[in-house]
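Numbering starts at 1 and runs along the sequence shown.
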Amino acid sequence: AADRAEFDSTIRNARKFLVNMQMDFGEKGKRDTALDGGIGYGNRYPHSDLVNTLYALEALHYSAKHLQKDGSDRNEIEKNVDLNWDAAIQFIQNCQNLPKFNSETWASDDPQNRGGFIYFPGNSKAEEMELVDGRTALRSYGSISYAGMLSYMYADLDRKDPRISAVFEWLQSNYSLDENPGMGIQGLYFYYHTMAKALSTYGIDKLETKDGKSRSWARELGSRLLDRQKEDGSWLNDSGRWWERDPALVSAYAVLSLEILYRHLE
């Protein structure tokens with residue numbers, strides 16, 4: 001973002017670091033587990049997850065654009081090292097409640113969950129729910145579903161792809177600024193932040209919701225964020241989960257979201 005040539009080598013090294021963080025359990029190059037292809041916390045936890053994968057793909061997406069300014073194409077930039085993008089897409093879809101593309105036993109086509117996402121295969125921070133047919137589903141929830149849609153787009157999946165269409169439909173059906181759907185107010189500002197990034201990247205001005213209304217989502221979200229600002233200028237969540245009682249973190253989410261919304265509404 002600083003657009004300074006002296007940072008190019010640092011950016012290239014950072015890209016290599018992220019590429020080397022991609023998980024590949026078992027035999028190299030083969031899908032041995034549903035966790036293959038994603039990115040996690042390295043050796044600290046033995047699994048990849050969708051949040052770390054999102055941030056890594058975002059960094060690779062924007063740094064590739066920056067490095068292409070000198071006229072180099074992507075193949076030249078990545079001739080020594082590149083992410084396994086097919087494996088990354090496979091991991092993303094392994095986090096989605098969409099049995100057509102996800103063979104994991106927990107993946108569900110029920111109306112409450114179809115198309116939405118969970119944190120990593122087999123683990124939803126919104127926990128489990130019993131379906132009317134007696135099966136157990138892992139609940140889709142808002143922030144991670146925006147993260148899933150955005151991850152697909154950073155991996156250059158076509159916007160008309162049924163996997164993106166399915167998560168977009170779930171987000172339309174679960175649109176809310178009062179809560180992080182499925183999580184209440186837990187992770188609310190991360191939810192706002194991923195919403196701003198995902199819908200802006202998707203490129204829509206109006207969001208059709210399940211009640212038939214056409215919502216000017218960017219103006220609504222911007223107004224909600226301004227209404228929630230504290231007298232001292234900060235933002236704070238009443239729920240402390242994921243450090244959202246830390247005003248430095250939450251204010252960063254809010255300001256970055258407002259900057260995205262400002263650019264979107266220009």
List the residues meeting salt bridge (Lys or Arg N to Asp or Glu O under 4.0 Å) with D161, not counting sequence neighbours, and say none if there are none.
R163
With K213 via side chain to side chain contact (heavy atoms under 4.5 Å, CB included) - residues at least two apart:
T209, D211, R215
Closest contact, heavy atoms only, C95 versus L50:
CB-CD2, 4.2 Å
Once you measure the plane-to-plane angle for Y62 and Y154, does it fall in the parallel (<30°), tilted (30-60°) or perpendicular (>60°) bin?
perpendicular
Pick out which of L249, L256, V255 makes a side chain to side chain contact (heavy atoms under 4.5 Å, CB included) with Y253.
L249
A196 versus I260, closest heavy-atom pair with distance
O-CG2, 3.6 Å
Could you check W85 against L57 for side chain to side chain contact (heavy atoms under 4.5 Å, CB included), going step by step and ending with a plain yes or no?
CA-CA 9 Å; W85 290 93; L57 296 183; 3.7 Å; yes
Which distance, rounded to the nearest 0.5 Å, do you find between the CG of L83 and the CD of Q22?
4.0 Å
One pair to check against side chain to side chain contact (heavy atoms under 4.5 Å, CB included): T136 and E130. What are the steps and the verdict?
CA-CA 5 Å; T136 299; E130 293 297 322; 2.9 Å; yes
Could you tell me which non-hydrogen atom of F190 sits nearest to which non-hydrogen atom of Y55, and how far apart they are?
CE1-OH, 3.3 Å
Flag the pair L261 / L225 as yes when at least one side-chain heavy-atom distance between them is below 4.5 Å, and no otherwise.
yes
Under a 3.5 Å cutoff, is there a donor and acceptor pairing between the side chains of N94 and Q90?
yes
Under 30°, 30 to 60°, or over 60°: which ring-plane class applies to F168 and Y202, parallel, tilted or perpendicular?
parallel
Co-members of L265 in a cluster of I, L, V, M, F, W and Y side chains, linked at under 4.5 Å:
none
Looking only at atom types and distance, does a side-chain atom of S48 sit under 3.5 Å from a main-chain N or O of L35, one as donor and one as acceptor?
yes
Paired with Q186, the side chain to side chain donor-acceptor pair (under 3.5 Å) test is passed by just one of R241, K125, E179, namely R241
Quiz question: by atom type and distance under 3.5 Å, do the side chains of E220 and Y175 form a donor-acceptor pair?
yes
Sub-3.5 Å donor-acceptor pair from the side chain of D49 to the main-chain atoms of F120, do we have one?
no
D178 and S176: side chain donor to acceptor below 3.5 Å:
no
Any side-chain to backbone donor/acceptor pair from N237 onto I185? Under 3.5 Å, distance only.
yes
Okay, side chain of W170, backbone of Q112: is any donor-acceptor separation there less than 3.5 Å?
yes
Close side-chain approach of S257 to Y189, heavy-atom, < 4.5 Å:
no
Main-chain N/O of W235 paired with Q229 side-chain donor or acceptor, under 3.5 Å
no
I'd like to know if the side chain of N113 pairs up with that of S108 as donor and acceptor (distance under 3.5 Å, no hydrogens or angles considered).
no
In the structure I gave you, are the side-chain heavy atoms of R228 and V250 within less than 4.5 Å of one another anywhere?
no
Can you name the closest pair of heavy atoms from G182 and Y141 and give their distance?
CA-CB, 4.2 Å
Answer whether the closest heavy-atom distance between the side chains of L226 and L258 falls below 4.5 Å.
yes
With the side chain counted from C-beta on, respond yes when M149 and L199 share a heavy-atom pair under 4.5 Å apart, and no when they do not.
yes
For the pair S124 (side chain) and R139 (backbone), establish whether a donor and an acceptor sit closer than 3.5 Å, ignoring hydrogens and angles.
yes
A side-chain contact here means heavy atoms from C-beta on lying under 4.5 Å apart; do M23 and T33 qualify?
no
Quick note, salt bridge (Lys or Arg N to Asp or Glu O under 4.0 Å) partners involving residues 182-200, not counting sequence neighbours, are E58-K197
Under the 3.5 angstrom rule, does the side chain of Q172 hit a backbone N or O of E208 as a donor-acceptor pair?
yes
Looking at N13, I'd like to know if its CG atom is crowded, meaning that more than 12 non-hydrogen atoms belonging to other residues, nucleotides or ligands lie closer than 6.0 Å.
yes
Nearest heavy-atom neighbours spanning A137 and D110
CB-OD1, 4.2 Å
Shortest non-hydrogen pair, L150 vs A198, comes out as CD1-CA, 3.8 Å
Any salt bridge (Lys or Arg N to Asp or Glu O under 4.0 Å) involving residues 248-260? Give me the pairs, sequence neighbours left out, ordered by first then second residue.
E259-R263
For the pair Q93 (side chain) and N102 (backbone), establish whether a donor and an acceptor sit closer than 3.5 Å, ignoring hydrogens and angles.
no
Measure from the side-chain N and O atoms of H264 to the backbone N and O of I204, and report whether any donor-acceptor pair falls under 3.5 Å.
yes
Check: S234 side chain, K230 main-chain N or O, donor-acceptor pair, under 3.5 Å:
no
Any side-chain heavy-atom pair of E169 and R114 under 4.5 Å:
yes
Please determine whether residues I89 and F91 belong to a single hydrophobic cluster, defined as Ile, Leu, Val, Met, Phe, Trp and Tyr linked transitively by side-chain heavy-atom distances below 4.5 Å.
yes
Within 6.0 Å of CZ in R159, more than 12 heavy atoms from elsewhere
yes
Side-chain heavy atoms under 4.5 Å apart, restricted to Ile/Leu/Val/Met/Phe/Trp/Tyr: what other residues fall into the cluster of L138, or is it alone?
W106, I118
